[in-house]
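First the structure, then my questions, so here it is.
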Amino acid sequence: MSYRVVFEPERGQRVPVRVWARAPAVETLRQLQHIASQPYVVEHVAAMADAHVSEGVAVGTVFATERTVVPAALGGDLGCGMTAMALPARAEVDRRTLERVVAELGRAIPTGHATHRGAGVSVPSELLASGLSTRALEHTREALARRHLGTLGGGNHFLELDRDAEGGLWLLVHSGSRGLGAAVAAHHARAAGTSTALGGLDTETPAGRAYYDDLLWALDFARANREALAKRAIEVVGAALDLASAPTDVLDVHHNFVAKEQWMGRELFVHRKGAVAVPMGARALIPGSMGTASYVVVGLGNAAAWGSCSHGAGRVLTRREARTRISPDALARAMRRVVFPSGHAPDFVEEAPAAYRDIGEVLEDQEDLVRRSVRLEPIAVLKG
DNA sequence: ATGTCC
């Protein structure tokens with residue numbers, strides 16, 4: 001399937017919305033039309049196959065501007081994204097060993113609200129070298145970076161072991177910039193107006209430059225966070241499975257970010273809220289829900305979508321709906337082939353497979369954006 | 001997503 005166009009100038013829409021999702025909710029379309037009505041948006045808005053309602057701007061929205069950045073468009077978790085690593089080991093691991101590994105991962109890696117205690121970890125000097133735009137943010141960095149680097153966070157963040165079609169073992173990490181991205185986002189959302197007003201900042205002004213520079217730092221921190229999480233996880237997995245060497249393949253993608261890109265001979269600021277940049281030939285990781293398959297995909301660089309693809313399967317139930325509608329039995333059945341820390345089953349309800357669309361269908365909706373490369377089947381999950 | 005309003 002390709003996209004369909006939604007364009008109603010009589011509703012104030014300035015540019016068309018191209019929709020890859022086959023059945024977006026009415027409220028999702030309203031949010032897409034709202035961002036497509038803003039004065040700074042150029043050419044068209046693209047809605048990815050997993051588009052769904054969020055605060056302000058729908059998750060799965062991609063839009064481009066000239067000389068404008070929009071702090072409120074991204075939400076708090078700047079640089080949220082995925083790391084995937086192929087490990088030099090077989091995925092045929094007995095259940096008892098997997099249970100031991102996830103229990104140890106749960107002890108080794110702070111999850112949910114947890115952070116490193118006391119002085120925390122040492123932070124790579126390159127993450128402390130550049131200034132942030134205000135002293136307050138620099139103080140926040142000094143206080144939080146060493147406590148948040150290498151922590152998973154909550155919600156839909158997870159760490160997972162997977163098996164590919166050849167029986168190879170993979171590690172997946174879904175996490176972001178933790179409290180630091182949230183602090184950067186909150187500061188600049190205030191500077192640009194209220195968090196829901198979708199105010200834009202001119203990139204040629206101090207405020208616009210400050211946001212973009214702080215954003216780039218938050219993206220670096222998010223990537224370093226996933227790297228630290230993966231490193232710790234590999235230490236734990238390696239101790240149990242005797243990993244002989246380093247990962248044989250590594251990929252990392254942001255799915256909540258702004259990037260300066262060249263399109264049609266112009267320099268544009270492409271905003272991706274829950275979407276991945278996939279230039280022609282570039283790989284990305286599209287996770288299903290926890291407990292269902294994920295895919296390594298290869299980008300087709302389709303300009304119609306600003307060279308983007310979906311960041312996941314997309315919610316069909318809100319967190320609240322998932323809690324009321326998905327029974328513990330149904331969840332246990334859906335997760336029966338996946339090992340997770342004992343006693344944590346209730347935590348999974350909000351992220352259960354039934355709360356998300358089928359990933360195969362979501363990939364069908366974007367066959368003009370990415371092709372499938374590697375199917376990854378989960379064998380063990382640590383939930384954030 | 002987020003020490004979820006210093």
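So that the names make sense, note that chain A is the first sequence line, chain B the second, and so on, each numbered from 1. As a basis for the values below, the full set of heavy atoms in this structure was taken, side chains included, without hydrogen atoms, waters or symmetry mates.
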Does this structure show an ion pair linking R283(A) with D249(A), if we count only N-O contacts that are shorter than 4.0 Å?
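The answer is yes: the pair qualifies as a salt bridge.
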Measure from the ring center of Y212(A) to the ring center of F269(A) and say whether it is less than 6.0 Å.
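Ring centroids of Y212(A) and F269(A) are less than 6.0 Å from each other.
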Go through the steps to decide whether L376(A) and V374(A) satisfy the test side-chain contact (heavy atoms from CB on, under 4.5 Å), and finish with yes or no.
CA-CA 6 Å; L376(A) 299 172; V374(A) 182; 3.8 Å; yes
Contacts to DNA chain B from residues 76-83 of chain A, heavy-atom cutoff under 4.0 Å, which residues?
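Residues of residues 76-83 of chain A under 4.0 Å from DNA chain B: G76(A), D77(A).
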Short N-O contact, E364(A) and R22(A), less than 4.0 angstrom:
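Yes, this pair counts.
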H174(A)/H255(A) aromatic ring centres below 6.0 Å:
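Yes; H255(A) has its ring centre under 6.0 Å from that of H174(A).
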Would you mind checking if K231(A) and E235(A) are paired as a salt bridge, meaning a charged N to carboxylate O distance below 4.0 Å?
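Yes, this pair counts.
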Result block: side-chain N/O donor-acceptor pairs under 3.5 angstrom for residues 78-89 of chain A, not counting sequence neighbours:
from   : atom 1 : to      : atom 2 : distance (Å)
T83(A) : OG1    : D252(A) : OD2    : 2.3

If you look at every strand shown and take non-hydrogen atoms under 4.0 Å, does G181(A) touch a base, only sugar-phosphate, or nothing?
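Since no nucleic acid heavy atom lies under 4.0 Å of G181(A), the category is nothing.
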Roughly how many Å is it from CG in L180(A) to P in dG3(B), rounded to a whole number?
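Distance, rounded to whole Å: 9 Å.
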For DNA chain B, the residues among residues 133-152 of chain A that have a non-hydrogen atom under 4.0 Å from it
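DNA chain B contact set from residues 133-152 of chain A: L144(A), H148(A).
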Around atom CD of E227(A), are there more than 12 heavy atoms from other residues, nucleotides or ligands closer than 6.0 Å?
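It does not: E227(A) CD has 12 such atoms or fewer within range.
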For atom CZ of R178(A) and atom C1' of dT2(B), their distance in whole Å
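Interatomic distance, CZ of R178(A) to C1' of dT2(B): 8 Å.
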Contact class for G75(A) vs. all strands (heavy atom < 4.0 Å): base, sugar-phosphate, or nothing?
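Nothing, no nucleic acid heavy atom in range.
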Remember a base hit wins even if backbone is also touched, and classify H157(A) as base, sugar-phosphate or nothing at under 4.0 Å, heavy atoms.
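Since only primed, P, OP1 and OP2 atoms lie under 4.0 Å of H157(A), the category is sugar-phosphate.
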Which is true for G153(A) with a 4.0 Å heavy-atom rule: it touches a base, it touches only sugar-phosphate, or it touches nothing?
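If one applies the 4.0 Å heavy-atom cut-off, G153(A) turns out to touch the sugar-phosphate alone, with no base involved.
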For the pair made of NE2 in H116(A) and P in dG3(B), what is the distance, rounded to whole Å?
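Roughly 13 Å, once rounded to whole Å.
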